[in-house]
Asker: 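One structure, pasted below without further comment.
Atoms within each ligand, like the ligands themselves, are counted from 1 in listed order. Note: hydrogens, waters and symmetry copies are ignored here, and every other heavy atom, side chains too, is used.
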Amino acid sequence: HVDNAVPDIDDLRDVALAAIAAAEDLDALEQARVTFLGRKGELAAIQKTMGSLDDAGRRELGAKINAFKDEVGAALADRQAALEDAALAARFEAERLDLSLPPRRVPPGRPHILTQVLHEIVDVFVGMGYRVAEGPEVESGVFNFDLLNIDADHPARQEMDTIYISADDDIVLRTHTSPVQARVMLSQPVPIAVCVPGRVYRNDTVDATHSPVFTQVEGLVVDRGITMADLRGTLLAFAQGLFGPDVDVRLRPSMFPFTEPSAEVDVSCTFCAGDGSACRVCKGTGWIEILGAGMVDPNVLEFCGHDPDEVSGFAFGIGVERVAMLRHDIADIRHLFEDDVRFLHAF
Ligand code: PHE
């Protein structure tokens with residue numbers, strides 16, 4: 001049986017084009033492709049009727065089918081491109097960066113309170129014309145002791161609670177910043193005016209006022225005609241620079257192997273203004289010890305290449321933790337080393 005009625009597929013094409021135009025996303029579009037062009041789809045069903053046509057009918061239907069495929073295929077490709085463009089545009093919109101938004105706040109860091117105080121102290125001396133010098137924390141016994149007139153059986157050698165690196169005292173963790181005095185004098189001509197910030201180490205047990213690691217600022221001035229009056233004036237300027245113009249300093253006799261004469265230096269109490277009350281900080285004395293000082297011992301000048309008949313000098317060593325605790329009313333030195341941010345944020 002040959003049926004020459006070639007099916008009219010124009011209606012099907014209109015339905016297909018309408019479905020494609022209506023497809024709202026790529027899934028719906030794929031669904032339309034399967035429905036009309038798929039192996040088991042509408043066009044395939046029509047194609048199966050080929051066998052029942054005569055030659056002319058087949059040719060005619062073949063041409064229509066090809067036209068259908070071209071037209072519907074082109075519509076599918078167009079629609080796919082349009083949907084992909086829309087999807088990309090939607091994604092761009094969704095992921096748009098709003099550059100007008102304020103940035104998330106990163107809390108700014110700041111130097112540790114001990115570093116702040118160290119810088120303040122150094123700034124005072126730099127303001128007076130001092131240079132900054134530094135030396136090693138692992139130091140030879142020669143610099144830490146011998147050149148400073150601390151000889152092998154001097155009691156200070158034991159009193160200093162040295163932490164040793166080698167079995168004898170050839171190599172130690174420096175017990176003070178004073179060895180840098182020797183390093184500077186050995187390498188520089190007069191006039192010398194240096195301050196030496198740095199860490200020092202002593203075999204001390206930790207408590208509210210002791211730490212095996214602490215910080216000093218050494219000062220050294222050597223020139224012709226330097227006197228104790230220069231030392232006193234310098235220390236007064238330092239104390240006032242750090243604690244304010246109203247403070248005074250007082251020197252009490254003391255003893256260091258590397259200075260002669262030597263002094264413990266007190267600053268007047270800024271907490272009670274010396275009214276003699278039961279002040280927690282100065283214990284009612286009105287004075288607080290903040291450093292050791294003295295005139296550079298002639299032996300030290302000589303050991304370090306300077307003629308004690310030609311030049312003289314003074315030196316001092318400031319305890320930075322102590323100054324920081326006084327300045328900021330910190331009761332326990334351990335606060336300065338424990339890195340508790342709740343504490344550190346106060347400064
Ligand atoms: N080096 C002494 C100490 O650590 C301090 C000091 C320095 C004293 C300079 C006098 C002169 O205790």
Asker: Any nitrogen or oxygen of Ser178 lying under 3.5 Å from a nitrogen or oxygen in ligand 1? Just yes or no.
Answerer: yes
Asker: Under 4.0 Å from a heavy atom of Ala293: which atoms of ligand 1 are those, numbered in the order shown and with their elements?
Answerer: 8 (C), 10 (C), 11 (C)
Asker: Below 4.5 Å, heavy atoms only, C-beta onward: do Val196 and Leu220 meet side chain to side chain?
Answerer: no
Asker: Verify the ring-centre separation between Phe125 and Phe316: is it less than 6.0 angstrom?
Answerer: yes
Asker: Work out whether the distance between some heavy atom of Phe258 and some atom of ligand 1 is less than 4.0 Å.
Answerer: yes
Asker: Measure from the ring center of Phe258 to the ring center of His176 and say whether it is less than 6.0 Å.
Answerer: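 Yes, they do, as the ring centres are separated by less than 6.0 Å.
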Asker: Which of the atoms of ligand 1 are close to Gly292, meaning less than 4.0 Å from one of its heavy atoms?
Answerer: 6 (C), 8 (C), 10 (C)
Asker: Against heavy atoms of Gly317, which atoms of ligand 1 measure under 4.0 Å?
Answerer: 6 (C), 7 (C), 9 (C)
Asker: Less than 4.5 Å apart, side chain to side chain, heavy atoms only: is that true for Phe143 and Leu186?
Answerer: yes
Asker: Just by distance, no angles: are the side chains of Gln80 and Glu84 close enough, under 3.5 Å, to form a donor-acceptor pair?
Answerer: yes
Asker: Pick one of side chain, backbone, both or neither for how Met255 approaches ligand 1, counting any non-hydrogen atom pair under 4.0 Å.
Answerer: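 The answer is neither; Met255 stays 4.0 Å or more away.
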Asker: Taking only heavy atoms of Phe316 into account, list the atoms of ligand 1 that are under 4.0 Å away from them.
Answerer: 7 (C), 9 (C), 11 (C)
Asker: Under a 4.0 angstrom heavy-atom cut-off, which atoms of ligand 1 come close to Gln216?
Answerer: 3 (C), 4 (O)
Asker: So, using side-chain contact (heavy atoms from CB on, under 4.5 Å) as the criterion, who are the partners of Asn149 when residues are at least two apart?
Answerer: Asp297, Asn299, Val300, Phe303
Asker: Under 4.0 Å, heavy-atom basis, I'd like to know which part of Ser262 is in contact with ligand 1: side chain, backbone, both or neither.
Answerer: neither
Asker: Hey, which atoms in ligand 1 end up nearer than 4.0 Å to a heavy atom of Ala315?
Answerer: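 Taking each heavy atom of Ala315 in turn, ligand 1 has 9 (C), 11 (C) under 4.0 Å.
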Asker: So Asp207 and His210, side-chain hydrogen bond (donor to acceptor under 3.5 Å, both in side chains) or not? Walk me through it.
Answerer: CA-CA 5 Å; Asp207 63 22; His210 292 85; 3.0 Å; yes
Asker: Does any N or O of ligand 1 fall below 3.5 Å from an N or O anywhere on Gln181, backbone included?
Answerer: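 No.
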Asker: Could you verify whether a donor N or O on one side chain and an acceptor N or O on the other, from Thr35 and Glu42, lie under 3.5 Å apart?
Answerer: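 Judged by distance alone, the side chains do not pair up.
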Asker: Name all residues meeting the side-chain contact (heavy atoms from CB on, under 4.5 Å) criterion together with Asn66; count only those two or more places apart in sequence or in a different chain, and write none if there are none.
Answerer: none
Asker: Within ligand 1, which atoms have a heavy atom of Glu218 less than 4.0 Å away?
Answerer: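 Those qualifying, in numeric order: 7 (C), 9 (C).
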Asker: Would you say Arg202 has any N or O atom under 3.5 Å from an N or O of ligand 1, going by distance alone?
Answerer: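 Arg202 vs ligand 1: N/O contact under 3.5 Å present.
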Asker: Is Thr259 close to ligand 1, meaning an N/O of one under 3.5 Å from an N/O of the other?
Answerer: no
